[in-house]
Amino acid sequence: GAVVSQHPSRVICKSGTSVKIECRSLDFQATTMFWYRQFPKKSLMLMATSNEGSKATYEQGVEKDKFLINHASLTLSTLTVTSAHPEDSSFYICSATAGGGYSNQPQHFGDGTRLSIL
Amino acid sequence: LAKTTQPISMDSYEGQEVNITCSHNNIATNDYITWYQQFPSQGPRFIIQGYKTKVTNEVASLFIPADRKSSTLSLPRVSLSDTAVYYCLVGGYTGGFKTIFGAGTRLFVKA
């Protein structure tokens, strides 16, 4: 149980392109989803937290107009990297929890999306 | 938010028990402690979660002392496939829900 599917697993595109990444909870309802970014050999860096039906909360330093997050249903959240540039190249990972505001529900992670901007 | 501190790396041999300790001195009353395993180019995978004392599942044990300012993940009889990065997370309700990943512990299991 508690499977999170992230798609696509890898994207290579030209500079200036917008890229959408999907995160789906397959067997549970995700009241809260998270988006992380990870650089090589570094830890995960939280970008934003989204609750179904409301606007995402972005971490300090993360541009909300660059990284658009939509959490339209209890099983789907999307991250759109708008007008991507080479510095946006990274490994993006989503997670989902059924826990809402309570920490006894662990996060379940997708397998990440490797984004390469040429 | 509770900050966590773990050893940056550990080495072990196949068949040995490995204990990874995480310090979280400012853990809040509502916080649970969760451990994740991450392989290269994959998302983290849930290992175990606890609040106090000892929790055991089919892959690991988690020991939490009474003051809850630290926790120890115990992996019995590790194999080469346990080579990965292990993260300790302390998450709590802070008017929202957020957890911050620390640097993690890179475990290398040798034959």
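Residue numbers begin at 1 in each chain, while the letters A, B, ... track the order of the sequences.
The number of heavy atoms from other shown groups lying within 6.0 Å of NZ (A:K55) does not exceed 12. Surrounding CD1 of B:I8 are at most 12 heavy atoms belonging to other residues, nucleotides or ligands under 6.0 Å away. Crowding of A:H7 atom NE2: a count of heavy atoms from other residues, nucleotides or ligands under 6.0 Å not exceeding 12.
Contact detail for A:K42 and B:Y87: the closest heavy-atom pair is O-OH, 3.9 Å.
Between A:Y36 and B:F101, the ring planes are perpendicular. Angles over 60° get that label, and only those under 30° would be called parallel.
Using a 4.5 Å cut-off between heavy atoms, B:R106 contacts chain A through its side chain alone, with no backbone atom that close. Using a 4.5 Å cut-off between heavy atoms, A:K41 touches chain B through backbone and side chain atoms alike. Contact of A:I93 with chain B is made through the side chain alone, with heavy-atom distances under 4.5 Å. With a threshold of 4.5 angstrom between heavy atoms, B:Y36 approaches chain A through side-chain atoms but not through N, CA, C or O. For a residue to count as touching a neighbouring chain, one of its non-hydrogen atoms must lie under 4.5 Å from one of that chain's; by this rule A:Q6 does not touch chain B. With a 4.5 angstrom heavy-atom cutoff, B:F39 does not touch chain A via any of its atoms.
Between chain A and the options B:P40, B:G104, B:S41, B:G50, the largest number of non-hydrogen pairs under 4.5 Å is found for B:S41.
A:S43 is not listed as a side-chain neighbour of B:V85, based on a closest heavy-atom distance of 4.5 Å or more. With contacts defined as side-chain heavy-atom distances shorter than 4.5 Å, the pair A:P106/B:Y32 does not qualify.
Transitive grouping of hydrophobic side chains (ILVMFWY, heavy atoms separated by less than 4.5 Å) brings A:V81 and A:I69 into a common cluster. The hydrophobic clustering, which links ILVMFWY residues whose side-chain heavy atoms are closer than 4.5 Å, places B:M10 and B:V78 together. Connection of A:F109 to A:L74 is not established within any shared hydrophobic cluster, with ILVMFWY side chains joined at heavy-atom distances below 4.5 Å, either directly or through further cluster members. Transitive grouping of hydrophobic side chains (ILVMFWY, heavy atoms separated by less than 4.5 Å) keeps A:M45 and A:L79 in distinct clusters. When hydrophobic clusters are built by joining Ile, Leu, Val, Met, Phe, Trp and Tyr residues whose side-chain heavy atoms come closer than 4.5 Å, directly or via intermediates, A:V19 is grouped together with A:V62.
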